[in-house]
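What follows is a single structure, written as structure tokens, with notes after it.
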Protein chains: 2
Amino acid sequence: MSQAFRLKQAIEDAVIAGEFQPGDRLDEASLAERFGVSRTPIREALLQLGAEGFIDVRPRRGAIVSVPSPTRLFEMFETMAEIESACGRLAARRLTPDNDAAMEAAHRACETAARNGDSEQYYADNRNFHEAIYRASRNSFLADQAFALHKRLSAYRRIQLRARNRLLQSLQEHAGILEAIRAGDEQLAATRLHDHVLVQGERFSDMVLGLSPAGQSPAEGRRETAK
Amino acid sequence: MSQAFRLKQAIEDAVIAGEFQPGDRLDEASLAERFGVSRTPIREALLQLGAEGFIDVRPRRGAIVSVPSPTRLFEMFETMAEIESACGRLAARRLTPDNDAAMEAAHRACETAARNGDSEQYYADNRNFHEAIYRASRNSFLADQAFALHKRLSAYRRIQLRARNRLLQSLQEHAGILEAIRAGDEQLAATRLHDHVLVQGERFSDMVLGLSPAGQSPAEGRRETAK
DNA sequence: GATATGCGAATTGTATGCAAGATAGGAAAT
DNA sequence: ATTTCCTATCTTGCATACAATTCGCATATC
């Protein structure tokens with residue numbers, strides 16, 4: 001496949017992994033050197049990531065990893081909550097044995113990770129659990145949207161999951177979500193997923209706002225990434 | 001601003017206006033000539049549009065305007081329905097006088113267009129009405145998502161609105177939506193918006209499926225735009 | 001001392017050239 | 001007549017070169 005697409009993946013992964021943090025500059029020359037290519041495919045990758053909202057490409061002023069304001073971040077979590085609850089609603093309506101099994105497996109993996117207090121592992125398994133729900137909606141377009149937003153938020157979600165006791169609470173919420181989907185209760189599934197996601201957003205916002213005056217928050221002193 | 005961004009807009013507009021139809025090839029050389037620039041900014045514009053899902057950029061094989069399969073198209077409308085109903089739910093919860101007035105104005109414009117049977121005008125005013133609802137959600141990120149998907153679907157929506165009597169029915173549904181939002185009834189607003197949007201998707205799918213064997217449907221003989 | 005101004009260096013935006021893969025058309029073989 | 005294979009042509013992908021703008025920093029001015 002073309003370089004530009006591979007580079008797009010590579011840069012995106014680096015951002016998700018936290019190697020480039022929000023606000024970091026992504027200058028074309030050093031990326032080109034790092035990956036051993038010319039600036040052209042780098043530019044193409046950056047522009048694509050910019051179009052997906054992953055990074056912020058400012059004309060003539062270079063690209064930076066997006067730095068959503070606390071408000072924007074809350075809006076993103078709220079949107080994620082709405083999209084996930086839509087997935088849950090459809091999953092409750094259309095659940096198949098395959099999708100049920102996939103969710104069950106992911107849930108068990110989360111359980112193990114939570115029992116071991118392994119938050120890195122839980123982070124990965126949690127992602128699988130949510131992705132299983134996206135797929136269970138049996139609407140691949142909606143699922144793609146959910147994946148994309150989930151990825152964009154992953155940097156913030158990871159931080160959030162480190163909070164004390166959050167793992168066990170998250171796990172319990174997962175159980176409740178699964179139960180509602182299995183019961184075919186669309187409304188309950190939607191509500192539970194909505195709250196599950198939004199609580200993360202709210203906690204994160206609290207954390208950002210709470211820490212902001214004192215310590216270093218990820219968004220501190222940086223501007224909104226308005227379009 | 002840079003050429004690439006202007007070109008992106010220009011090409012997107014041309015697609016929305018129907019100048020380039022689904023399946024049409026967007027070859028770099030002719031676009032470059034048409035806009036009087038080199039291939040470089042054209043490529044950059046195309047890749048951005050590809051990342052937004054507007055067109056389909058196939059490595060080494062050029063870009064075409066996306067051709068969603070009927071299934072995919074239905075999924076897109078279903079997703080639109082979920083996103084719009086989320087906007088409606090939030091709008092019902094958070095309505096301000098400003099947003100109320102904006103929706104009212106857009107609704108009146110639709111009314112006039114519908115009375116005159118001017119479907120082109122209604123198409124434009126309908127868009128304004130829906131965008132007013134997106135804004136009334138007071139979640140600018142969610143609203144952006146809604147705008148983007150609305151744009152992607154506009155080609156199909158336009159065809160749909162030409163259907164007989166659809167204008168008047170659409171207008172009545174708008175009235176019901178407004179009423180629910182004003183009453184602060186989140187559930188009702190969400191349901192009405194959901195149905196309003198999905199009915200379009202269903203009708204369109206019916207149309208595509210019905211016409212497909214006989215006449216020329218937009219998607220006829222073309223492949224899914226899978227990623 | 002603080003603010004404005006201008007210059008040099010660094011970075012981005014666009015054009016052009018070339019290499020490699022895709023496509024179409026025809027010739028050869030079955 | 002149909003299929004397969006080969007070649008000529010076209011198109012895309014990447015590198016390089018150059019132009020245009022921004023940014024940092026020193027100097028000048030109030």
Side-chain angles (χ1 to χ4, degrees), chain A residues 1-12 14-15 19-67 221-227, chain B residues 1-12 14-15 19-67 221-227:
Chain A
M1 187 183 270
S2 68
Q3 295 275 45
F5 283 92
R6 284 224 320 278
L7 292 168
K8 178 182 152 216
Q9 268 308 120
I11 296 171
E12 184 181 303
V15 170
E19 188 176 343
F20 298 114
Q21 300 222 340
D24 282 0
R25 203 134 187 300
L26 298 167
D27 98 285
E28 299 172 0
S30 30
L31 286 171
E33 192 181 11
R34 165 171 172 170
F35 290 107
V37 297
S38 80
R39 278 176 48 222
T40 307
I42 295 285
R43 275 183 67 80
E44 294 183 348
L46 291 178
L47 287 168
Q48 288 182 75
L49 290 171
E52 289 175 11
F54 236 93
I55 66 176
D56 202 10
V57 181
R58 306 158 306 173
R60 287 261 174 221
R61 307 187 54 218
I64 61 169
V65 179
S66 293
V67 186
R222 287 166 183 145
R223 266 203 319 250
E224 163 61 309
T225 162
K227 194 165 184 179
Chain B
M1 188 184 273
S2 67
Q3 295 276 44
F5 284 92
R6 282 223 324 276
L7 292 168
K8 178 181 155 220
Q9 269 307 120
I11 296 172
E12 184 182 303
V15 170
E19 188 175 343
F20 297 114
Q21 301 223 339
D24 282 0
R25 201 133 188 296
L26 298 167
D27 101 285
E28 299 173 359
S30 31
L31 287 170
E33 192 181 12
R34 164 170 173 170
F35 291 106
V37 297
S38 79
R39 280 175 46 221
T40 306
I42 296 285
R43 276 180 68 78
E44 294 184 347
L46 291 179
L47 287 168
Q48 288 182 74
L49 290 171
E52 290 175 10
F54 238 94
I55 66 176
D56 201 10
V57 181
R58 307 158 304 174
R60 287 256 174 225
R61 306 187 54 216
I64 61 169
V65 179
S66 294
V67 186
R222 286 162 184 149
R223 267 200 320 249
E224 164 60 313
T225 163
K227 194 167 186 178

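Residue numbering restarts at 1 for every chain, and letters A, B, ... go by the order of the sequence lines.
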Problem - Test log, rule side chain to side chain contact (heavy atoms under 4.5 Å, CB included), inputs B:Leu47 and A:Leu47 - result: CA-CA 7 Å; B:Leu47 287 168; A:Leu47 287 168; 5.9 Å; no

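Ion pairing between A:Glu44 and A:Lys8 fails under the 4.0 Å rule for side-chain N and carboxylate O.
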Exercise for the section: Classify every nucleotide of nucleotides 5-14 of chain D by which part a protein heavy atom approaches to under 4.0 Å, writing B for the base, S for the sugar-phosphate alone and - for neither, in 5'-to-3' order. Expected result: ------SBBS

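Among residues two or more places apart in sequence or in another chain, the side chain to side chain donor-acceptor pair (under 3.5 Å) test is passed with A:Glu19 by A:Arg34. Scored by the side chain to side chain donor-acceptor pair (under 3.5 Å) test, B:Arg6 finds B:Gln3 as partners (sequence neighbours excluded). Here B:Gln9 pairs with B:Glu12, B:Asp13 under the side-chain contact (heavy atoms from CB on, under 4.5 Å) rule; sequence neighbours left out. Looking at residues two or more places apart in sequence or on another chain, you find a side chain to side chain donor-acceptor pair (under 3.5 Å) between A:Glu28 and A:Arg39, A:Arg43. In terms of the side chain to side chain donor-acceptor pair (under 3.5 Å) criterion, B:Gln48 has no residue partners (sequence neighbours excluded).
Put simply, the side chain of A:Leu26 reaches to within 4.5 Å of the side chain of A:Leu46, judged on heavy atoms.
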Could you pull out the protein-nucleic contacts involving nucleotides 6-9 of chain C (nitrogen or oxygen on both sides, under 3.5 Å)?
none

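Put simply, CZ on A:Phe35 is 18 Å from C1' on D:dA15, counting in whole angstrom units. To the nearest angstrom, C1' of D:dT16 lies 16 Å from CD of A:Glu33. At whole-Å resolution of the value, CD1 in A:Ile64 and C1' in C:dT11 are 16 Å apart.
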